[in-house]
2 protein chains.
Amino acid sequence: MEYLVTKRSHPTADEIYSSLVKEMPTLSRTTVYNTLNILIGANIVRVVTIEEHEARYDADITDHGHFKCERCGTIYDFRIDTDAIRTEELKNFKINEKDVYYRGICAKCLGNIE
Amino acid sequence: MEYLVTKRSHPTADEIYSSLVKEMPTLSRTTVYNTLNILIGANIVRVVTIEEHEARYDADITDHGHFKCERCGTIYDFRIDTDAIRTEELKNFKINEKDVYYRGICAKCLGNIE
DNA sequence: TTTCGTGCAAATTATTTGCACTCCC
DNA sequence: GGGAGTGCAAATAATTTGCACGAAA
């Protein structure tokens with residue numbers, strides 16, 4: 001948990017394992033998954049599934065979107081005003097969770113191209 | 001492709017396979033995946049990754065959000081005005097793709113509970 | 001003949017599960 | 001002792017890949 005909070009990137013389970021196993025040599029992947037699932041159940045951690053094949057984890061559970069640069073792979077957070085999204089079609093729906101994922105090229109990579 | 005366009009649900013690769021294999025007994029899963037990937041590459045089909053473990057496919061490539069009912073599993077489309085989402089933080093970013101996923105309980109299931 | 005779509009079966013990979021072990025009350 | 005957290009190794013499951021076959025051009 002401390003790792004997720006301090007490192008504000010959006011690591012995969014494997015990245016978490018690889019980083020932490022250096023300090024805790026006995027750590028196993030199972031424990032990483034177990035712990036993550038507990039944290040998710042407690043609503044302290046969110047899953048970011050911006051990539052199809054692997055889940056990423058985020059200790060920031062406030063409403064915000066994720067942008068993934070298709071060139072450098074960096075994932076950026078951005079604030080969103082979800083209330084601005086008109087959703088008349090979901091008028092009588094109970095919305096528990098909102099995920100907004102954008103993909104494209106970030107400003108840094110765009111600058112490097114020119 | 002015809003299947004995806006007529007059936008407006010958001011089937012998984014396996015659902016597509018299972019449905020089509022009845023009409024085309026020689027069909028293989030490989031061909032389903034091959035074809036889907038061609039269609040995705042041609043920007044005719046979008047992947048909906050509202051579920052972690054399996055990809056769903058959508059022949060509607062216009063900007064719209066997806067709502068998944070956690071009770072009945074139905075996936076609803078809803079129109080979104082993506083321009084209404086203020087994204088000053090992505091000012092100089094090139095955005096290629098926008099995915100909006102909501103989860104909760106749909107009106108129909110809410111009605112059944114009471 | 002060469003190319004392309006197809007299909008089988010094996011490989012891949014993130015995640016889950018079964019089970020055994022240890023630590024701590 | 002008993003429960004919880006841990007870790008190994010095997011299982012699971014969606015998707016990809018290697019390869020070979022057959023039709024079409």
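Atom set for the values below is all heavy atoms of this structure, side chains included, hydrogens, waters and symmetry mates excluded. Keep in mind the model is a prediction, meaning the values are calculated, not measured. Lettering of chains follows the sequences in order, A, B, ..., and the numbering in each one begins at 1.
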J.: If only side-chain N and O atoms of A:Thr30 are considered, is one of them under 4.0 Å from the OP1 or OP2 phosphate oxygen of C:dT16?
T.: no
J.: In whole Å, I'd like the distance from the OH atom of B:Tyr33 to the C1' atom of D:dG18.
T.: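 About 18 Å, once rounded to whole Å.
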J.: With the side chain of B:Thr35 defined as its heavy atoms from C-beta on, choose the nearest nucleotide among C:dC8, C:dT6, D:dA14.
T.: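 Looking only at side-chain atoms, B:Thr35 lies closest to C:dT6.
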J.: Round to the nearest Å and state the distance from B:Arg56 atom CZ to D:dA14 atom P.
T.: 11 Å
J.: Measure the acute angle between the ring planes of A:Phe78 and A:Tyr102, then classify it against the limits of 30° and 60° as parallel, tilted or perpendicular.
T.: tilted
J.: Should we count CZ of A:Arg8 as having more than 12 external heavy atoms under 6.0 Å?
T.: yes
J.: Between C:dT16 atom C1' and A:Leu36 atom CG, what is the distance in whole Å?
T.: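 From A:Leu36 CG to C:dT16 C1': 14 Å.
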J.: Rounded to whole angstroms, how far apart are CD on B:Glu51 and P on D:dT15?
T.: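 Interatomic distance, CD of B:Glu51 to P of D:dT15: 11 Å.
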J.: Would you tell me if any nitrogen or oxygen in the side chain of B:Thr31 comes within less than 4.0 Å of OP1 or OP2 on C:dT6?
T.: no
J.: Side chain of A:Glu54: nearest nucleotide among C:dT6, D:dA9, C:dA14?
T.: C:dA14
J.: More 5' along DNA chain C: B:Asn34 or B:Glu52, using each one's nearest nucleotide?
T.: B:Asn34
J.: In whole Å, what is the span from the CG atom of B:Asn37 to the P atom of D:dT16?
T.: 5 Å
J.: Nearest to the side chain of A:Ala55, heavy atoms from C-beta on, is which of C:dC8, C:dT15, D:dT6?
T.: C:dT15
J.: Working to the nearest 0.5 Å, report the span between CG of A:Leu39 and CE of A:Met1.
T.: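 Reported to 0.5 Å precision, the distance equals 6.0 Å.
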J.: For A:Glu15 and C:dT15, give me the distance from atom CD to atom P, rounded to whole Å.
T.: 11 Å
J.: Taking side chain to side chain contact (heavy atoms under 4.5 Å, CB included) as the test, write out the residues that go with B:Thr62, two or more places apart.
T.: B:Asp60, B:His64
J.: Using a 3.5 Å distance criterion without hydrogens, assess whether the side chain of A:Glu89 forms a donor-acceptor pair with backbone atoms of B:Arg79.
T.: yes
J.: Provide, to the nearest angstrom, the distance between the CG atom belonging to B:Leu27 and the C1' atom belonging to C:dG5.
T.: 12 Å
J.: What is the separation between atom CD1 on A:Ile38 and atom P on C:dT16, rounded to the nearest whole Å?
T.: 13 Å
